[in-house]
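Only one structure is covered here, and it is reproduced in the block below.
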Amino acid sequence: MRNAGSEIVLRQVAHAIVRRTPRGSLSRAAASSLARLDDHGPERITALAEREAVSQPAMTALVRRLENAGLVTRHADAEDARATRISITEQGRATLHERLAQYDTLIGEALDRLSDDDRASIAAALPALENFVRTYDFH
């Protein structure tokens, strides 16, 4: 059974986090692509483009910028010599984890402003939210 307010609240949480995105060298799409590469290993540009819901030319341009910044590398695809795979570099991983630490700080500060009861309610909901993320495949 769905609670109509759930969609609204989850959308508001997502938007609040996006609005507070730390300003810096990484766009949301760049950070998300680096996170995908960090979590799942090398990917083809087409798979990254599909994941980010952008065109292949847009992802190619993003990967080129990330490569020029030293955050990713391209290498031949062992299964298809015509294709390349994109991998995150150590510098890319460090940049990503710095960005994630900034998010953690912002979210922690927001949680600190809540009452003990509200924090306990959020903690109690974490297993369901983790399942939601897995089911929705945000990450």
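Just so it is clear, the model here is predicted, and its values are computed rather than measured.
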(Q) Let me confirm one number: the CG-CE distance from L48 to M59, rounded to the nearest 0.5 Å. (A) 5.0 Å

Q.
I need the E43 CD to I88 CD1 distance, nearest 0.5 Å.
A. 12.0 Å

Q: Tell me, please, which residues at least two apart from E98 pass side-chain contact (heavy atoms from CB on, under 4.5 Å).
A: Q102

Q.
For S87, run the side chain to side chain contact (heavy atoms under 4.5 Å, CB included) check against L37, T73, V72 and tell me which one passes.
A. T73

(Q) Set out, in order, the CA-CA distance, both residues' side-chain angles and the distance that settles side chain to side chain contact (heavy atoms under 4.5 Å, CB included) for S33 and L62, then state yes or no. (A) CA-CA 9 Å; S33 296; L62 173 61; 3.9 Å; yes

Q: Please check if the side chain of T84 supplies one atom and the backbone of A76 the other of a donor-acceptor pair under 3.5 Å.
A: no

(Q) Salt bridge or not between E67 and R74? Use side-chain N to carboxylate O under 4.0 Å. (A) yes

Q. Do L111 and I122 have side chains that get closer than 4.5 Å, going by heavy atoms?
A. yes

Q | Single hit among D39, D38, L71 for side chain to side chain contact (heavy atoms under 4.5 Å, CB included) with L96 | A | D38

Q.
Can you confirm whether L66 sits close enough to L26 that some side-chain heavy atom of one is under 4.5 Å from a side-chain heavy atom of the other?
A. yes

Q | Donor-acceptor under 3.5 Å (R119 side chain, L114 main chain) | A | yes

Q | Nearest-0.5 Å distance, CD of residue E52 to OG of residue S27 | A | 8.5 Å

Q: Examine distances only and state if a side-chain atom of T95 and a backbone atom of Q91 form a donor-acceptor pair shorter than 3.5 Å.
A: yes

Q | From CZ (R36) to CD1 (I86), nearest 0.5 Å | A | 14.0 Å

(Q) Same cluster or not: I107 versus V9, using hydrophobic residues (I, L, V, M, F, W, Y) connected whenever any side-chain heavy atoms lie under 4.5 Å apart? (A) yes

Q) Do E50 and R44 meet the salt-bridge criterion of a basic N to acidic O distance under 4.0 Å? A) no

Q: Let me see the working for R51 and H40 under side chain to side chain contact (heavy atoms under 4.5 Å, CB included), right down to the final yes or no.
A: CA-CA 12 Å; R51 174 83 179 139; H40 298 280; over 6 Å; no

Q. Side chains of T89 and R93: does their closest heavy-atom pair fall under 4.5 Å?
A. no

